[in-house]
Amino acid sequence: MPELPEVRTVCRYLNKAVKNKKIKNIYINLPKIIKNIDHNKFKEIVKGKKILKIFNVGKWIVFDIDNDYKILVHLRLEGKFRNILKGQNPKHDHIIFNFEDKTNLYFNDSRQFGTFHLLKGDYLNQKPLSLLGKEAQNTDVNWLHQKLSKKRIPIKTSLLDQKILVGLGNIYVNEVLWIEKIEPETPSNQITIKQLKKILKTSYEIMEKSYKLGGSTIDSYVALNSKEGLFQNFLNVHTKKDLPCSRCKEKILKKWVGGRGTYYCFKCQK
DNA sequence: CAGCGTGTTGAGGA
DNA sequence: TTCCTCAACACGCT
């Protein structure tokens, strides 16, 4: 499910669904999801706290709860929140919040890759958030250029690295490189400042567009319960193998770059 | 039945 | 030490 626009969308609807609710109980069906603290301790601390607000830092979802504590959730590939029972596979409901008003919030993850952390105090300067890079619109192009100047790995791999930029995932990186006509395997240190400037701008624009699209085409029920409608419609290369490039009509190719499926137009992207 | 995947980490090699 | 690659995580879908 999640790249930055999806995570932001989930946060928006989580605020609608559970903000200001008091956690009466929490059920942890799969303890290994809780990463940095014993799950019984986690439960003990979280129980009775009120959810003040929910926001994102990169692809991490931050639940701000009473007394300086933050719950960090990463959805990874399949994690999702639901506030209803309908349509779920209860087998994959690993964490269940039960609120004082008798409503529930379910964390469901069929692949069990998603993670929870509980942090106290200065959460931005603790792992895992302390490791993160910057969002595209806050990134100084000279800083980025310097950062990439010693890297020979493919530009696509660098753009996916959350220690450099946060938010881009495989889908949007494929799209950004297609828009900017950059070959995905170009060594990072060969990308010019001018190109980096455009990469940052395009990354920001594509994620804004996706966020707004997500916001306008789904309601809260869907946002919390499905990944429908977020991606489709405006993708140019991702999953378009063998289809004609919408710019030059050449066949879109697929290859592996850094272990990830990479779609590109060999004619446009040099 | 085999291959693939929207994300990240850690082991191990160079 | 730093850089880089790749397997692993676990399951559903094609």
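Residue numbers begin at 1 in each chain, while the letters A, B, ... track the order of the sequences.
- Of all the residues in residues 152-168 of chain A, A/Arg152, A/Ile153 reach under 4.0 Å from DNA chain C with at least one non-hydrogen atom.
- Using a 4.5 Å cut-off between side-chain heavy atoms of Ile, Leu, Val, Met, Phe, Trp and Tyr, A/Val257 forms no hydrophobic cluster with any other residue.
- When the nucleotides B/dT9, C/dA10, B/dC4 are ranked by their closest atom to the side chain of A/Trp256, B/dC4 comes out on top.
- At a threshold of 4.0 angstrom between heavy atoms, the contacts of A/Gly259 with the nucleic acid are absent.
- Under 3.5 Å, the side chain of A/Arg260 and the base of B/dG5 form no donor-acceptor pair of N or O atoms.
- With P as the reference atom, C/dA10 and B/dG10 are 15 Å apart, rounded to whole Å.
- Between A/Phe97 and A/Phe99, the angle of the ring planes stays under 30°, which puts this pair in the parallel group of the 30/60° scheme.
- Taking the 5.5 Å centre cut-off and the 30° plane limit, the aromatic side chain of A/Phe113 is not classed as stacked on B/dT8.
- When side chains are defined from C-beta on, A/Val10 does not count as touching A/Asn56, because their heavy atoms never get closer than 4.5 Å.
- By the side chain to side chain contact (heavy atoms under 4.5 Å, CB included) test, A/Arg111 pairs with A/Leu77, A/Glu78, A/Asp109, A/Phe113, sequence neighbours left out.
- Phosphate contact (OP1/OP2 of B/dT8, side-chain N/O of A/His74, threshold under 4.0 Å): present.
- For DNA chain B, if you chain together Watson-Crick or G-U pairs that step i with j, i+1 with j-1 and so on, the runs of at least three with distances under 3.5 Å are B:2-5 with C:11-14, B:7-14 with C:2-9.
- In this view, A/Lys50 and A/Asn20, A/Leu52, A/Asp66 satisfy the side chain to side chain contact (heavy atoms under 4.5 Å, CB included) rule, not counting sequence neighbours.
- The side chain of A/His92 places no N or O atom within less than 4.0 Å of a non-bridging phosphate oxygen (OP1 or OP2) of C/dA10.
- Between A/Lys254 and B/dC4 there is no side-chain N or O to OP1 or OP2 distance below 4.0 Å.
- Listed by chain and number, the residues in a side chain to side chain contact (heavy atoms under 4.5 Å, CB included) with A/Lys194 are A/Thr192 (sequence neighbours excluded).
- In this structure, A/Ile153 stands alone, with no Ile, Leu, Val, Met, Phe, Trp or Tyr side-chain heavy atom under 4.5 Å from its own, directly or through other members.
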Strictly under 3.5 Å: I want the nitrogen or oxygen pairs between protein and nucleotides 11-14 of chain B, one per line.
none

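- Contact annotation: A/Lys59 reaches the phosphate of B/dG7 (side-chain N/O to OP1 or OP2, under 4.0 Å).
- For residues 159-184 of chain A, the pairs satisfying salt bridge (Lys or Arg N to Asp or Glu O under 4.0 Å) are A/Asp161-A/Lys163, A/Glu180-A/Lys198, A/Glu183-A/Lys255, with sequence neighbours left out.
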Side chains of residues 123-130 of chain A: which donor-acceptor pairs under 3.5 Å do they make with residues two or more places apart or in other chains?
| residue | atom | partner | partner atom | Å |
| --- | --- | --- | --- | --- |
| A/Asn125 | ND2 | A/Asp122 | OD1 | 3.4 |
| A/Asn125 | ND2 | A/Asp122 | OD2 | 2.8 |
| A/Gln126 | NE2 | A/Lys120 | O | 2.7 |
| A/Gln126 | NE2 | A/Asp122 | O | 3.3 |
| A/Ser130 | OG | A/Gln126 | O | 3.3 |
| A/Ser130 | OG | A/Lys127 | N | 3.3 |

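- Annotation: side chain to side chain contact (heavy atoms under 4.5 Å, CB included) contacts of A/Lys197 (sequence neighbours excluded): A/Val141.
- For residues 129-141 of chain A, no residue pair satisfies the salt bridge (Lys or Arg N to Asp or Glu O under 4.0 Å) rule, not counting sequence neighbours.
- Side-chain proximity of A/Lys151 to C/dC4, C/dC11, B/dT8: nearest is C/dC4.
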